[in-house]
> 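Please see the structure below; I have some questions.
In this text the structure is predicted, and so the values were computed from the model without any measurement. Just so you know, these numbers use all the heavy atoms, side chains as well, and skip hydrogens, waters and symmetry mates. Throughout, a chain's letter reflects where its sequence line sits, starting with A, and its residues are numbered from 1.
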2 protein chains.
Amino acid sequence: MGIGARERRDRLERFEELCREAGVPCTIQRRALLEAVLDREDHPTAHQVLEAVRARIRGISRATVHRNLETLVEMGVITKTCHPGGVIRYDARIDIHHHLVCLRCNSIADIDDENLDSLELPDTSAFGFKVSDFRVQLRGVCRECRRKDSKKRNRSK
Amino acid sequence: MGIGARERRDRLERFEELCREAGVPCTIQRRALLEAVLDREDHPTAHQVLEAVRARIRGISRATVHRNLETLVEMGVITKTCHPGGVIRYDARIDIHHHLVCLRCNSIADIDDENLDSLELPDTSAFGFKVSDFRVQLRGVCRECRRKDSKKRNRSK
DNA sequence: ATACGTGCAAAGCGTTTGCATTTCT
DNA sequence: AGAAATGCAAACGCTTTGCACGTAT
């Protein structure tokens, strides 16, 4: 899954356009970080993005990664994913899609489903809340964790 | 909102039952932590729960809070919430309900909606994923953050 | 030329772990 | 008595911040 080649190109173009419009410097670090996220099919942490970018920019610093991932989110060219853990995770996908969230290991997998996409959202204006986006999170236990669980059960018998 | 008095009582009872069944010690710390979460209507961090519990148990330690909140989640008497931030948040509610997630300040508010509750979930057996639960997350910007944004805009004019 | 971004190092938080001691069953 | 939990302190990992220097517009 992940995003396709066309979408990837469009997103980079949009990024450069937004930089120009906002007068924000389009540095090589910023661009490389965006590409690193776009090239992933999972929901990487800042650390994972750093590892990936180091191949292209040797001396890039941890602080730059954190600062810029946040900038890219604000620009709307990537998003943050919601997860039950204690480490921030980013997502290349900005379109409507949904998540399988493992409550055991905190992993997240994408799931696409037209029925979920066409959900009718409730009115949130009473909360003063402006909805921009939504995700359905199917919470439970992933394949790996279920396997580990059954191993544990066998051992204790 | 939050949970009602009856639900609160039932949950504590269920907790004690689960302790007995599993032969898990039902310590005063454990019980106090559960009560502290049940008494909150928001989605507290471990630190917030610690603060609340200190009133009853002076010398309770940070480690005990973290360890036991995790235990309570495993027992299924509280849950973890999914959020875009870097701090783990707990939730007194274990029934199906939904969230308004602010992507600016990472705050979470509950929202109840029958239409969302009756959502038809896709089949996840192909992923080896066992669904136990679901949440719809309406992502966007909360009232407070929108206010701050408009103030900022005014200043820059 | 100026504003903004970067790298570095240190600080700041939240969470986890090892170990001696206490408590629950 | 024995297993498990607690408290404490240190370690750990992720994120943020201050500052000197470099770079994009």
> Can you confirm whether A/Pro84 sits close enough to A/Val101 that some side-chain heavy atom of one is under 4.5 Å from a side-chain heavy atom of the other?
yes

> Parallel, tilted or perpendicular: which one describes the rings of A/Phe134 and A/His98, with boundaries at 30° and 60°?
tilted

> Whole-Å distance between D/dC14 P and A/Leu50 CG?
11 Å

> Starting at CZ of B/Phe15 and ending at C1' of C/dC24, how long is that distance when rounded to a whole Å?
12 Å

> Tell me, yes or no, whether the heavy-atom count around A/Arg62 atom CZ, taken from other residues, nucleotides or ligands under 6.0 Å, exceeds 12.
no

> So, does A/Ser61 get its side chain near the phosphate of C/dC8, meaning an N or O under 4.0 Å from OP1 or OP2?
no

> Tell me the interatomic distance from A/Arg30, atom CZ, to C/dG7, atom P, rounded to whole angstroms.
12 Å

> For B/Arg58 and D/dC8, what is the distance between atoms CZ and P respectively, to the nearest whole Å?
13 Å

> In this structure, how many angstroms lie between the C1' atom of C/dT6 and the CD1 atom of A/Ile60, rounded?
9 Å

> Just the table, please: protein N/O against nucleotides 15-21 of chain C N/O, every pair under 3.5 Å.
residue, atom, partner, partner atom, Å
C/dT15, OP1, B/Ile88, N, 3.0

> Could you go through nucleotides 23-25 of chain D and list every protein N or O atom that sits under 3.5 Å from one of its N or O atoms, giving the distance for each pair?
none

> May I ask whether B/Val87 and B/Leu100 are part of the same hydrophobic cluster, defined by side-chain heavy atoms of I, L, V, M, F, W, Y residues being less than 4.5 angstrom apart, directly or through others?
no

> Could you give the angle between the helix axes at the two ends of the helix from C/dA1-D/dT25 to C/dT25-D/dA1, with five pairs per end, rounded to 10 degrees?
40°

> Whole-Å distance between C/dT25 C1' and B/Glu21 CD?
16 Å

> Could you name each residue pair satisfying side-chain hydrogen bond (donor to acceptor under 3.5 Å, both in side chains) that touches residues 125-134 of chain B, not counting sequence neighbours?
A/Arg139-B/Asp133, B/Asp123-B/Ser125, B/Asp133-B/Arg135

> Output every pair passing side-chain hydrogen bond (donor to acceptor under 3.5 Å, both in side chains) with a member in residues 72-87 of chain B, not counting sequence neighbours, ordered by first then second residue.
B/Glu70-B/Lys80

> Report yes if the side chains of A/Arg30 and A/Phe15 come closer than 4.5 Å at any heavy-atom pair, otherwise no.
yes

> Restricting to side chain to side chain donor-acceptor pair (under 3.5 Å), what partner residues turn up for A/Thr64, sequence neighbours left out?
A/Ser61

> Check the distance between D/dT15's P and A/Leu33's CG and give it to me in whole angstrom.
14 Å

> Quick one: do B/Arg14 and B/Glu17 make a salt bridge, cutoff under 4.0 Å?
no

> Whole-Å distance between C/dC4 C1' and A/Glu74 CD?
15 Å

> So does A/Gln29 get a side-chain nitrogen or oxygen closer than 4.0 Å to the phosphate oxygens (OP1/OP2) of C/dG7?
yes

> Side chains of B/Leu72 and B/Val37, heavy atoms from C-beta outward: is any pair under 4.5 Å?
no

> Let me check something: do B/Met75 and B/Ile94 share a hydrophobic cluster, defined by ILVMFWY side-chain heavy atoms less than 4.5 Å apart, either directly or through other members?
no

